[in-house]
Amino acid sequence: MANTTFSGPVRSENGFTQIGKNTTTGAETGGMTLSTYTATITVADGATTGKEASIGMPANFAPIAATIVVTTAAANAVNLVDVGTDADTDGYIDGITAAVNSTGFKGFFVCNGALSLAGLTTTAASATPDEVELVVSGDPGGDTVIVVKFFGISSTSDTE
């Protein structure tokens with residue numbers, strides 16, 4: 001598609017990729033894509049952390065923000081306080097206060113941890129991510145299921 005102007009929303013089922021092109025060979029060199037990644041995590045009764053069963057977040061993904069939705073509420077009055085990984089439990093979102101003792105949408109939070117786009121000022125995005133892990137402020141009093149949907153940038157460009 002050449003330079004095209006139209007009115008209305010741009011929609012795609014498979015995302016949008018800004019590609020690069022080698023000026024000498026004309027070969028596509030990869031690109032940057034606005035992406036989402038969804039993690040569904042259970043914090044078990046008696047625990048204060050929970051994590052994904054396996055690594056699902058794509059490599060070279062830098063989260064910008066995330067939505068938090070509680071699908072199974074805690075019995076006790078506890079808050080979600082951090083979102084990260086085993087190695088850095090507040091690596092994506094650090095220091096929020098989202099009540100998880102009721103179901104529903106809890107908000108759209110800017111990722112402010114060292115593993116987020118905001119925190120990547122001195123380090124690179126994780127080429128090999130870890131399972132997403134959540135930290136709550138206390139014993140939830142029952143299994144609590146929280147869905148975190150990340151919005152960020154992915155890169156496939158490895159040469160230019």
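Throughout, residue positions are numbered sequentially from 1 according to the sequence presented.
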Could you tell me if the side chain of [Y] sits less than 4.5 Å from the side chain of [X], heavy atoms only?
X: Leu80; Y: Ile96; answer: yes
X: Ile68; Y: Phe109; answer: yes
X: Ile153; Y: Phe61; answer: no
X: Val43; Y: Thr49; answer: no
X: Thr72; Y: Asp143; answer: no

Compare every heavy atom of [Y] with every heavy atom of [X], then report the nearest pair and how far apart it is.
X: Ala66; Y: Val148; value: CB-CG1, 3.8 Å
X: Val70; Y: Ala99; value: CG2-O, 4.5 Å
X: Pro140; Y: Ala44; value: CG-O, 3.6 Å
X: Val100; Y: Val136; value: CG2-CG1, 4.5 Å
X: Gly141; Y: Asp139; value: N-OD1, 2.8 Å
X: Gly142; Y: Asp45; value: N-OD1, 3.3 Å

Quick check: is Val78 connected to Val145 through a chain of hydrophobic side chains (ILVMFWY, heavy atoms under 4.5 Å apart)? no

Answer yes if Tyr37 and Leu134 sit in the same cluster of Ile, Leu, Val, Met, Phe, Trp and Tyr residues linked by side chain heavy atoms under 4.5 Å apart, and no otherwise. yes

May I ask you to decide if Cys111's main-chain N or O and Ser116's side chain share a donor-acceptor pair within less than 3.5 Å?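 Flag set: sc Ser116 to bb Cys111 pair under 3.5 Å.
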
Under 3.5 Å, is there a donor-acceptor pair between the side chain of Asn60 and the main chain of Ser154?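 Checking the backbone N and O of Ser154 against the side chain of Asn60, no donor-acceptor pair under 3.5 Å is found.
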
So, taking the atom named [atom1] in [X] and the one named [atom2] in [Y], what distance separates them when rounded to the nearest 0.5 Å?
X: Leu115; Y: Thr89; atom1: CG; atom2: OG1; result: 10.0 Å
X: Asp86; Y: Asp130; atom1: CG; atom2: CG; result: 5.0 Å
X: Ile64; Y: Asn112; atom1: CD1; atom2: CG; result: 13.5 Å
X: Ile146; Y: Thr103; atom1: CD1; atom2: OG1; result: 12.0 Å
X: Ile41; Y: Thr144; atom1: CD1; atom2: OG1; result: 12.5 Å
X: Thr36; Y: Lys149; atom1: OG1; atom2: NZ; result: 4.5 Å

For Met57 and Phe150, run side-chain contact (heavy atoms from CB on, under 4.5 Å): C-alpha distance rounded to whole Å, both residues' side-chain angles, the deciding distance at 0.1 Å, then the answer. CA-CA 9 Å; Met57 185 175 284; Phe150 294 96; 3.7 Å; yes

Would you please test Val69 and Lys106 for side-chain contact (heavy atoms from CB on, under 4.5 Å) and show each step? CA-CA 6 Å; Val69 176; Lys106 300 303 172 177; over 6 Å; no

Audit row: Glu52, Val132, side-chain contact (heavy atoms from CB on, under 4.5 Å) steps and yes/no: CA-CA 6 Å; Glu52 290 179 291; Val132 175; 3.4 Å; yes

Determine whether Tyr92 and Thr85 satisfy the following criterion, side-chain contact (heavy atoms from CB on, under 4.5 Å), listing intermediate values before the conclusion. CA-CA 8 Å; Tyr92 298 123; Thr85 65; 3.8 Å; yes

